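Residue numbers begin at 1 in each chain, while the letters A, B, ... track the order of the sequences. Any value given below was found using the heavy atoms of this structure, including those in side chains, with hydrogens, waters and symmetry copies removed. Just so it is clear, the model here is predicted, and its values are computed rather than measured.
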Amino acid sequence: MPRYQPSRIEPKWQDWWAARGTFASARLPTGRKAYILDMFPYPSGDGLHVGHPEGYTATDIVTRFERMRGTSVMHPMGFDAFGLPAEEYAIRTGTPPRESTERNIATFTRQLRMLGFSYDWDRVLATTDPGYVRWTQWIFLVLFDTWFDPVQGKGRPIAELPIPPEVAGEGEPAVARYRDAHRLAYQSEAPVNWCPALGTVLANEEVIGGVSERGGHPVVRLPLRQWMLRITAYADRLERELEGLDWPASIKKLQCDWIGRSTGAEVDFLILTAGAPAETIRNAFEQWKRDRAETGFPKKPGDDVLRVYTTRPDTLYGVTCMVVAPEHPLVDILTSPAQRNEITAYRDLAARKSDLDRTDLARGKTGVFTGSHVVHPLTGRPIPVWVADYVLATYGTGAIMSVPAHDDRDHEFARTFGLEVVTVVEPADGSAVPAGELFAGDGRAVASGPYTGLTTREFIVQVAADLAAAGLGRPAVNYKLRDWLFSRQRFWGEPFPILHEIDADGNPTGMIRAVDASELPVNLPELTDFRPGDTPDPPLSRSGPEWLYVERDGRRYRRETNTMPQWAGSCWYYLRFLDPKNEDRFLDPGIEQAWMPVDLYIGGAEHAVLHLLYSRFWHKVLFDRGHVSHPEPFGKLVNQGMILGEMEFTGYRSGKGGWVSAEQRGAEDVSAKVPADQVEKQGEHFVLRDAPKIRVESRAYKMSKSRGNVVNPDQVVRDFGADSLRLYEMFMGPLEATKPWSTAGVSGVRGFLDRCWRLVVDERADDLCLAPQVCDDPPTDEHLREINRTIDKVTRDIQSLSFNTAIARMMEFVNFCTPLERRPRAILEPFVTILAPFAPHLAEELWELLGRTAPVSLAAWPSVEEKWLKDDTVEIPVQIQGKLRGRVVMPADADAEAMKAAAAADPRIAEQLAGKEIVKVVAVPGRLVNFVVKG
RNA sequence: GCGAGAGUGGCGAAACUGGCAGACGCGCUGGAUUUAGGUUCCAGUGCCGCAAGGCGUGCGGGUUCGACUCCCGCCUCUCGCACCA
């Protein structure tokens, strides 16, 4: 009764590999190396879902393949274990996060082992390990110790920061403050996204449409002291150095857009004293221009001017109003006494508005006139200044020149408040845009003084130069990317290795110092109460004094009580895998040089921007500081597609209980799942079998607990085996595609593995033994053609990650072998070898049965004998007028003339060509013949 | 609204660089084995048609001897982004 029993052989081989350390990676590679990495999982309480094994199986196949080809492989796994869910679970149940995290990691580890992935488990790490946290904190200290030198375009030690003499003259505290203001890790009192429900501040990236990404809770803006990382300093390099990476173009573009580089100009507008006579204004303006011509454009604008950033300086003559953000520092100065109440009310409202109100729903423009004017630097005309929240304080200068004729936001604003629309650009093709209408494209300047007639491009270059010469403006570059808000008011994260000096009364002096690297890690204190408060005061501040207060060099300090975000640990885990037990440094330089960069990185597209951008940023800082040898961490990146739930048919019932056709359903009709056997296809749509007038929707949905369509890998392994799960996920379709789950499909590949088993094993025997068909006969030419073609196809398909077609080819091979009365080992053995990366447990078992003692996992990948890939004769399709009319067998190497002759000689073709004039014959050697005829 | 990707049998899909559309799997039909079901094995299976033949890769055009593949214009779906001046 030796049937294929995955439940018997899979644990057997997992134990075998583990006991012998079959998949341990060497400290250093010998010869060719391949660092093949999965995005490590967050160990949630739900365990693995079927999405995880998709990418993990893909990398495992490549790893096993490379290993069998003699490549030194690095293939580690770990856990991204800090983060909110563990903490929320802790709050709910009173379990310390470390306990639940460890339990979850144990579950994940069991499940990953159950799937037979060939990780080097000696390298496993969790971001929460004290030995890992230590080096995460150490990297933070590197960031803290680094400033970005714009001249060299790289990060340098803070000790090398030039101190301006006037700062040095003010004494040591001023120098310290100056340094602190230039570090890549710095504190800021910026408005942040405070989420009362989660009790934490969130990064801009964690706020989606005004609500928290996790949980969908409202978010309000609040000024708070925060740790920031100066990622904007690296914006330029993060964008430019994407170019050389072997990443999907779409991911590169996403990162590019996120960084959002734009070029334009900054322009200063002189602020007018309210109510001054025209003459005074003119004089002040002329005086200001004379001053500027002399002093040039100041680095920072004074209180007397409003500075704007624009990408379209060519529309300067169309400016009809200025708009500043409600948070703009000059709003107070600009507000006239008459407008003060209104402006104050508007600013309060804007401050209380969540991002949701400001962006998503309330699309309509709001704003208030300040009562002030500025002078147009080119025309000298007064321009009114407004406050409106469609202008963002955090982008550019927080103020814009409004050009209603050529910017749709300004156009909407002007229309809302009845402001003037002045056209200064016309389409280059001469087509007319009606007066007062919007034209946002490039074109030719009109009504623009000396610039009239220039193209948009010429104008921008010219006016930027003129403004710069006059000291009124300068070319400028802006990025959408903001500095990275790096602190969280949470318990379950890495503590910052930072001390705040306090005076005798316990109040902070504003001086900070880094914890010495030798004292790392700063461990989390023991807390019984993890709950966030109603205020943004972090849980760590409730820690006992023995953790909170420390003394160094005779001064008293209070520890930083914010913690790092979950991203911190995932920013550098790929480095620690290479040297996970090093107690002296975060990574040995020799090991780093030998293994980096990562050769293949597979994971979900949801990390397209954040994780990958943050990692690249940290990596570049480490590179600048000489800790790693490559500027980029991940050479080739692939995103696996999402696996959806099984296809579902949904019908709709009206309140009265009758069916409603899907396209006619109303809001009150309720949906109902319809079993697949009650549905049939009619034309474009599916309809009810019993009521063909009723259309039903057919769709696969994202797996979710609430929908109840989640597939559990444990269940699949129990029902079909790990090899079947692996193979099915690879057979479903292209790795990158989104595809629906199908349990019938799993049983299909299980059938294939059953046939593989029976190819080698005698299923009728009482004991496990070889099938009687297995023999030592020398293989025939046909056998050799089959096996060589299979090896060839599988080899090429693994390299292009086309696992679905590789599996299809192996199925064809098994279909070829199954009817054979005699199956030579000479073709079975190479087949088992190439099956091994896909279905490793089954392959090991068959390999052992075939009499091998060394594991197939370490066997040599079979080579292809080229001569078996070519056919002597081929069947060539013959077309007339591009339509298939017959097939002719001819030698594979027949030239075009021979092919034409052979095709024309075919009786069937000859008959159809009879009486027709042949205009042209196309013959492609080895492919086809096509007759073009007339009549 | 902007951007990206996709649309091929009943279903998941395949098709190298413009050259036989539908490999492989599921499902379905028939047959053999079996007391029977299941399993296994064999054969068939794009649609219409008795057949000859015709029609077929979301829709409409175009280029070409030849188009799933290239170009233009639409439609639908999925996923991102969303006042960044």
Worksheet item: Are any of A:Lys883's side-chain N or O atoms less than 4.0 Å away from OP1 or OP2 of B:rC55?
Response: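 Checking B:rC55 against A:Lys883, a side-chain N or O does come within under 4.0 Å of OP1 or OP2.
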
Worksheet item: Does OP1 or OP2 of B:rA14 have a side-chain N or O of A:Asn804 closer than 4.0 Å?
Response: yes

Determine the Euclidean distance between corresponding [atom1] atoms of [M] and [N]; express it in Å to zero decimal places.
N      : M      : atom1 : result
B:rG58 : B:rG44 : P     : 28 Å
B:rC83 : B:rG9  : C1'   : 47 Å
B:rU69 : B:rU64 : P     : 16 Å
B:rG54 : B:rU8  : P     : 26 Å
B:rG1  : B:rA67 : C1'   : 34 Å
B:rG25 : B:rU34 : P     : 27 Å
B:rU17 : B:rG7  : C1'   : 24 Å
B:rC55 : B:rA21 : P     : 13 Å

Tell me what [X] touches on the nucleic acid: a base, only sugar-phosphate, or nothing, going by heavy atoms under 4.0 Å.
X        : value
A:Asn930 : base
A:Gln879 : base
A:Lys480 : base
A:Ser262 : sugar-phosphate
A:Arg885 : sugar-phosphate
A:Leu928 : base
A:Thr311 : sugar-phosphate
A:Arg261 : nothing
A:Glu875 : base
A:Asp410 : nothing

Discussion item. Less than 4.0 angstrom from a charged side-chain N to a carboxylate O is my criterion; do A:Lys900 and A:Glu897 meet it?
Written reply: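 Result for this pair is yes, salt bridge flagged.
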
Worksheet entry | A:Arg707 bridged to A:Glu648 by N-O distance under 4.0 Å |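 So A:Arg707 pairs with A:Glu648 through a salt bridge.
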
Worksheet entry | A:Phe813 vs A:Val794 side-chain heavy atoms within contact, under 4.5 Å | no

Worksheet item: A:Val425 versus A:Arg312: any side-chain heavy-atom pair under 4.5 Å?
Response: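 With C-beta onward as the side chain, the pair touches.
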
Rounded interatomic separation in angstrom, taking [atom1] from [X] and [atom2] from [N]:
X        : N      : atom1 : atom2 : answer
A:Ile807 : B:rG12 : CD1   : P     : 18 Å
A:His406 : B:rA85 : NE2   : C1'   : 14 Å
A:Leu727 : B:rC24 : CG    : P     : 16 Å
A:Leu254 : B:rG5  : CG    : C1'   : 12 Å
A:Asp389 : B:rA85 : CG    : P     : 18 Å
A:Asp797 : B:rA14 : CG    : P     : 11 Å
A:Lys681 : B:rC28 : NZ    : P     : 18 Å
A:Asn478 : B:rA85 : CG    : P     : 8 Å

Practice prompt. Tell me the partner of B:rC59, counting only Watson-Crick (N1-N3 plus N6-O4 or O6-N4) or G-U wobble (N1-O2 and O6-N3) with both under 3.5 Å; none if nothing fits.
Written response: B:rG73

Worksheet item: Under 3.5 Å, is there a donor-acceptor pair between the A:Asn478 and A:Ser262 side chains?
Response: no

Discussion item. Ignoring hydrogens and geometry beyond distance, is a side-chain donor-acceptor pair present between A:Thr818 and A:Arg755 at under 3.5 Å?
Written reply: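 No pair is found: no donor N or O on one side chain lies under 3.5 Å from an acceptor on the other.
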
Worksheet entry | Reported CG-to-CZ distance for the pair A:Asp723 and A:Arg750, which is rounded to 0.5 angstrom | 10.0 Å

Discussion item. Just verifying a value: how many Å separate A:Ile400 CD1 and A:Phe413 CZ, rounded to the nearest 0.5 Å?
Written reply: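 If I round to the nearest 0.5 Å, the distance is 8.0 Å.
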
Worksheet item: Counting only distance, no hydrogens or angles, is the base of B:rC16 paired donor-acceptor with the side chain of A:Arg927 under 3.5 Å?
Response: yes

Worksheet item: If anything within 90° of 0 is syn and all else is anti, what is B:rG56?
Response: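 Anti conformation for B:rG56.
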
Worksheet item: Taking for each residue the nucleotide of RNA chain B bearing the nearest heavy atom, is the 5' side occupied by A:Asn815 or by A:Ser250?
Response: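 This one resolves to A:Ser250.
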
Fill in: Pairwise 5' ranking along RNA chain B for A:Arg699 and A:Phe686, keeping only the more 5' one
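This one resolves to A:Phe686.
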
Worksheet item: Which one, B:rA13, B:rU40, B:rC83, comes nearest to the side chain of A:Arg758?
Response: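 Of all the options, the side chain of A:Arg758 is nearest to B:rU40.
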
Discussion item. Let's see if you can work this out: which of B:rC83, B:rA85, B:rC11 has an atom nearest to the side-chain heavy atoms of A:Tyr395?
Written reply: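 Ranking B:rC83, B:rA85, B:rC11 by closest atom to the A:Tyr395 side chain puts B:rA85 first.
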
